[in-house]
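Please read the structure below before turning to the comments.
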Amino acid sequence: MFVVVICCCCKENAKNLKLYWEFLQDEGLDWKTIKLDQLAEFIHWLRNPNPGIYPITPTEATRTNRTINQILSTISSFDEFHARLGNFSGVELTTNKVAYPSQYKPFLYGIANQSQVRKRLLKVKEPKRFPKCLTSIQVQQLIKACNTLRDKFLICLLYETGLRIGEALGLRHEDMLTEGRNEIFVRFRENINGARAKSRVERLLAVNIDLMRLYSNYLIDEYPVEADCDYVFVNIKSGQIGEPMKVSRAKALFQDLSDKTGIHVSPHLLRHTLATRMVNEGVPLTVIQKYLGHKSPDMTMTYAHIHDQTMRACIDKFHGKVVNISGETVVVNSSLDHNQDLQWMRRNILAQALPNGSCARPMIKGACPHANACLTCNDFRTTIEFLSQHKEQHKHCTEMIDKAKLNGWQRQVEMNEQILQSLEKIIDSLEKSDE
């Protein structure tokens, strides 16, 4: 008896070729002599939900451009294979091109050997997609939905280290450096469970002690005694107990978690999430690149999203942050910046200068009703250039409160405590923008 194992790629290629043959049959074409314009019609056939009918109003395409490109890639490989066998005489869908962009000419251009790559001629433009990320609350929900310590440890491991699922399932106990180091050694191996590390570059990952404690608890409470291997992740309830956990079992686990929580999750999504967290926490890209095992910074940026709040904080720092008495950032109208007359108006008419900032109350509204109570007024504005004055006033205000308390001046205590609270918020906010 012969057992034929068909991989996912083979199934997809078979489906793509089936669609191609349906198109050829509908149009009465021969795959051996097909032309480029006829293949362009194939793209329209894939998009149109009703082949042969041309709608007047815009209609949503049956397939995305990404799916169409995958189908075209299959057709291209199929034709190229048969062209080498001499069975195909149609138009070539690929061409040889220099590996670097044509607008850039490297050193010794025209002298050194130029490596060429195969590039498809027929390709539709795909909209740029950014991978989604999980929130910390969603990750906690996934961890709570796990039934075993092994599964909880796997989720936490992927969330904290960003390991690929093949790298995680290929870990051995010798890779878990727990003796005061809290590190995980990731290396390329041939694994009997089919798990495979994408990169051959070895790396050492520092992790927190809580993750290592969870690993220890998993070993003590759940790791099978009969396990005859040194793999970290093994079968503990189903399958051959003690055998290394396979990728298919891990995928089933994530599907089960998705069904339980309603959160669409995959092992690689946890990797995207880690990269985004690290970027928004200010970790240098070179560090993230090495931690994730990427060959180039471009690969790292594919996974990383800069949150709107992070970008706003950076822009505020670049332009000079303006805060109110609550330490909140105030958006300054930048439309006046390039006009000197309007700048003079803003300084002299739209606002009033103060020793430690400015008042946003326009002078045309008349005198200020607060009488030297700027640090309790919502119209008050200040920037980092006045930070030293705020610190000096904070010190003076603290001394005033202490003296008022000694003398029983309750009204003075209440007034100055309100000012002190505003100063603390302002100083804290301005110091963060200066980091």
Side-chain angles (χ1 to χ4, degrees), residues 129-171 173 175-178 181-184 186 195 203 205-223 231-238 245-283 287-288 291-293 300 302-313 432:
R129 300 193 311 168
F130 294 97
K132 296 180 180 179
C133 298
L134 296 173
T135 65
S136 57
I137 296 176
Q138 288 176 320
V139 175
Q140 289 301 321
Q141 291 175 340
L142 293 169
I143 295 172
K144 289 180 180 178
C146 293
N147 296 323
T148 64
L149 286 174
R150 180 203 65 183
D151 296 346
K152 289 183 179 181
F153 175 56
L154 179 59
I155 298 296
C156 291
L157 176 70
L158 297 179
Y159 179 62
E160 180 170 333
T161 64
L163 287 177
R164 302 176 180 93
I165 189 62
E167 294 172 335
L169 298 185
L171 288 175
H173 294 297
D175 299 328
M176 311 297 290
L177 310 179
T178 58
R181 298 179 62 179
N182 298 325
E183 294 174 332
I184 297 176
V186 183
R203 63 190 192 277
L205 306 181
V207 298
N208 66 46
I209 191 171
D210 292 332
L211 184 66
M212 285 305 190
R213 284 172 181 162
L214 187 56
Y215 165 66
S216 300
N217 293 337
Y218 159 56
L219 289 185
I220 296 170
D221 297 336
E222 288 186 354
Y223 201 82
Y231 284 74
V232 172
F233 293 99
V234 297
N235 297 330
I236 57 176
K237 285 189 175 181
S238 60
M245 186 178 181
K246 294 184 178 181
V247 175
S248 58
R249 177 69 194 97
K251 289 183 177 179
L253 165 64
F254 277 86
Q255 184 60 53
D256 183 51
L257 292 175
S258 296
D259 295 339
K260 282 183 180 180
T261 62
I263 302 170
H264 179 68
V265 63
S266 66
H268 222 64
L269 183 56
L270 293 170
R271 182 173 171 86
H272 300 326
T273 303
L274 174 70
T276 302
R277 282 170 51 214
M278 295 178 80
V279 166
N280 285 279
E281 288 296 328
V283 180
V287 175
I288 302 175
Y291 198 82
L292 294 178
T300 306
T302 302
Y303 297 107
H305 307 270
I306 298 179
H307 291 157
D308 292 340
Q309 301 93 318
T310 305
M311 183 166 62
R312 181 54 189 266
K432 285 181 179 178

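Keep in mind that the numbers below use all heavy atoms, side chains included, and drop hydrogens, waters and symmetry copies.
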(Q) Rounded to the nearest 0.5 Å, what separates atom OG in Ser248 from atom CG in Leu253? (A) 11.5 Å
Q) Mind checking what makes ring pair (Phe, Tyr, Trp, His ring centres under 6.0 Å) contact with Tyr223, not counting sequence neighbours? A) His173, Tyr218
Q) Taking atom CD1 of Ile137 and atom CG of Leu142, what is their separation to the nearest 0.5 Å? A) 12.0 Å
Q | For Asp175 against Gly170, the heavy-atom pair lying closest together | A | OD2-O, 4.4 Å
Q.
Working to the nearest 0.5 angstrom, can you tell me the gap between Arg277 CZ and Thr135 OG1?
A. 11.5 Å
Under 3.5 Å, side-chain donor or acceptor atoms of residues 146-160 against the rest of the protein: list the pairs with distances, not counting sequence neighbours.
residue	atom	partner	partner atom	Å
Asn147	OD1	Lys260	NZ	3.3
Thr148	OG1	Asp151	N	3.1
Thr148	OG1	Asp151	OD1	3.4
Thr148	OG1	Asp151	OD2	3.1
Arg150	NH1	Val234	O	2.9
Glu160	OE1	Asn208	ND2	2.9
Glu160	OE2	Asn208	N	2.7
Glu160	OE2	Asn208	ND2	3.3

Q. Heavy-atom distance under 4.5 Å between the side chains of Val207 and Glu183, does that happen here?
A. no
Q: Please name the pair of heavy atoms, one in Leu169 and one in Tyr231, separated by the smallest distance, quoted to 0.1 Å.
A: O-CD2, 3.5 Å
**Q.** Qualifying salt bridge (Lys or Arg N to Asp or Glu O under 4.0 Å) pairs with a residue from residues 208-219, counting only residues at least two apart or across chains
**A.** Asp210-Arg213
Q.
To the closest 0.5 Å, what do you measure between CG (Leu214) and CG (Leu219)?
A. 10.0 Å
**Q.** From Thr161 atom OG1 to Arg203 atom CZ, the distance as rounded to the nearest 0.5 Å
**A.** 8.0 Å
Q. Which distance, rounded to the nearest 0.5 Å, do you find between the CD of Gln138 and the CD1 of Ile263?
A. 4.5 Å
Q. Between Leu177 and Met212, is any pair of side-chain heavy atoms under 4.5 Å apart?
A. no
Q: Specify the closest pair of heavy atoms between Thr276 and Cys133, including all atoms of both residues, with the distance to one decimal.
A: OG1-SG, 3.1 Å
Q. Is a side-chain donor or acceptor of Ser258 paired with a backbone partner of Val265 at a separation under 3.5 angstrom?
A. yes
(Q) Could you tell me if the side chain of His268 sits less than 4.5 Å from the side chain of Arg271, heavy atoms only? (A) yes
Q: Provide the closest heavy-atom pair for Ala275 versus Ile288 in the form atom of the first, atom of the second, distance.
A: O-CD1, 4.5 Å
Q | Distance-minimising heavy-atom pair for Phe254 and Leu270 | A | CE2-CD1, 4.0 Å
